[in-house]
Number of protein chains: 2
Amino acid sequence: MAESPALPRYLEIQRDLQEKIASGEWGPGSRVPAEHELQALYQCSRMTVNKAISALAGAGLITRRRRSGSFVASPKSHETILQIHDIQAEIAASGRPYRFEILARQSRKMTDEDAKRLGLARSGEILALVLVHFAANRPFVHEERLLNLAVVPDAATESFSAAPPGTWLLGRVPWTDAEHTISAEAADAAIAARLGIPAGAPCLVMERRTWQAGATITWARLTYPGATHSLTSRFSPGGAMT
Amino acid sequence: MAESPALPRYLEIQRDLQEKIASGEWGPGSRVPAEHELQALYQCSRMTVNKAISALAGAGLITRRRRSGSFVASPKSHETILQIHDIQAEIAASGRPYRFEILARQSRKMTDEDAKRLGLARSGEILALVLVHFAANRPFVHEERLLNLAVVPDAATESFSAAPPGTWLLGRVPWTDAEHTISAEAADAAIAARLGIPAGAPCLVMERRTWQAGATITWARLTYPGATHSLTSRFSPGGAMT
DNA sequence: AATCGAATTATGTATAGACAAATAAACGAT
DNA sequence: ATCGTTTATTTGTCTATACATAATTCGATT
């Protein structure tokens, strides 16, 4: 059996087209039949066809131009969606016990260095933290973090005893923009000692800046021992269409 | 004037809602007005409202449940779209002259190591390449690549004199699935020599496997000197809605 | 009180039709 | 032959309506 998928018409069409593109039957640059042709082919209304094609256009598989028609897009890059989970949740999900230690905490007026990291010109109060996250009592990642107290004043009096600042923020302040930078660096002596690795060992470093409506909320720098951590993502173009 | 934005109705609504979510006015879990309410509010048809909300639902900002209604989603992770450009295009875009050198090329029956890298169990013919890409005559990235000749037989006779294998593939074989792994590793002696960096220097390593309809097309391992290269991405949830 | 079932409600899908906007192609005049 | 104008085609948006589907609520029956 398995023959009445109860699959909506527009998804059926969408998958049909997608399959033709994925298989190479319609190579990059080929013309996709016009909406009225597909409408006749599939015996449905134009809106239904439109919904299918528009979805593929949104996913970047097809580009559309008025009067000219729709064409199979030629990929110019690999694109992947990187899911960066909350550290606490990530460790908990792996079944290992989680804890963290705050090594340093300081409220201060923004230094030039702080301002640069937050991407801000003018001054203000910030909260600076240094902490280490542990998975099964072994150091997992080293975190340096700056919080812009102008945007998150509550943080000044928060103890962060229940949840680390990253988790605390995530559930409290909605962000509208984030910038991630991933790089490889040699561990400096201080961080190496805290992570229990040799100085100079390669580390995966992730820097993140987060904004809400133009205002920088926070900056974080996460240093993972390179030997134990990597980022993996699997991706299919036009993925969200089950 | 400047008052006729010519912005379509559904985008206007979409941005309105998005703004309410981004600003925190509608916190995570809040109920979004039902379609018929928004329809009355914006004086438009339900389909128009539906298009706006559906787009936000697709972007993950809203979750919808029949009969219950629509609710602002609560983010559980940072998610970012990593654009990994074609190396040739990336260097060319930076204005520096590009060239590459093929250091090794071998057609062979798949070894166990090859099979593991490609994620395949059984055997077959592959093409193995080692190359270095240069930007402005300085080593930019070291590439090891395996091509599954069962899927891309043309590669066996291709000289790759015009374009490197990555670029060549991108314009030829459509891929349906890709897996990326990003890690930090110390450069081994051979790679360090080819990149002109000290052995043991931290490197950003990106491994990629690419499939077409279940069949592995290629495996690639790109090693970037950590001192000069990083991956950056800026992301706003619900981004693709200009 | 517990359970089953029906009415209600919000979303999901689909239709037919209409007009707008962009632009490639055909056409015409200089 | 070149330039500007008209025409035709294709996508973009919108409407009003209809029925399907899932799920909550509430009432009736046991």
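Sequence lines set the chain letters: A, B, ... in the order given, protein chains first and strands last, and positions in each chain run from 1.
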Protein-nucleotide distance (B/Phe71, atom CZ; D/dA23, atom P), rounded to Å: 13 Å
A/Arg99 CZ: over 12 foreign heavy atoms closer than 6.0 Å: yes
Audit row: A/Glu158, A/Arg172, salt bridge (Lys or Arg N to Asp or Glu O under 4.0 Å) steps and yes/no: CA-CA 12 Å; A/Glu158 169 68 32; A/Arg172 177 158 316 227; 5.1 Å; no
Spacing of B/Arg67 atom CZ relative to C/dT13 atom C1', expressed in whole Å: 20 Å
Side-chain N,O (B/Arg64) to OP1/OP2 (C/dT11) below 4.0 Å: yes
Helical bend (five base pairs per end, nearest 10°) for the helix from C/dA1-D/dT30 to C/dT30-D/dA1: 10°
Contacting residues from residues 36-52 of chain A, given that a heavy atom lies under 4.0 angstrom of DNA chain D: A/His36, A/Arg46, A/Met47, A/Asn50
Side-chain (A/Thr63) to main-chain (A/Ala73) donor-acceptor, under 3.5 angstrom: no
Rounded distance (Å) that lies between atom C1' of D/dT10 and atom CZ of A/Arg31: 8 Å
Smallest separation among heavy atoms of A/Ile182 and B/Leu204, with atom names: O-CD2, 3.9 Å
Verdict with supporting geometry, A/Ser233 and A/Thr80, side-chain hydrogen bond (donor to acceptor under 3.5 Å, both in side chains): CA-CA 7 Å; A/Ser233 72; A/Thr80 193; 2.8 Å; yes
Selected nucleotide, minimal atom distance to B/Pro8 side chain, candidates C/dA14, D/dT11, D/dT13: D/dT13
Whole angstrom value for the distance that separates C1' of D/dT11 from CG of A/Leu56: 15 Å
Test: A/Arg234 cationic atom under 6.0 Å from B/Trp211 six-membered ring centre, within 45° of axis: yes
Separation of C/dA24 P from A/Arg65 CZ (nearest whole Å): 7 Å
Value in whole Å for how far the P atom of D/dT13 lies from CD of B/Glu12: 13 Å
Side-chain N or O of A/Ser70 closer than 4.0 Å to phosphate OP1/OP2 of D/dT11: yes
Donor-acceptor pair, side chain of B/Thr216 and main chain of B/Thr218, under 3.5 angstrom: no
Presence of B/Tyr10 side-chain N/O under 4.0 Å of D/dC14 phosphate oxygens OP1/OP2: no
Flag if over 12 foreign heavy atoms under 6.0 Å of CZ, A/Arg65: no
Between P of C/dA14 and CZ of A/Arg9, the distance in whole Å: 8 Å
Atom pair CD (B/Gln39) and CZ (B/Arg46), whose distance is rounded to the nearest 0.5 Å: 8.0 Å
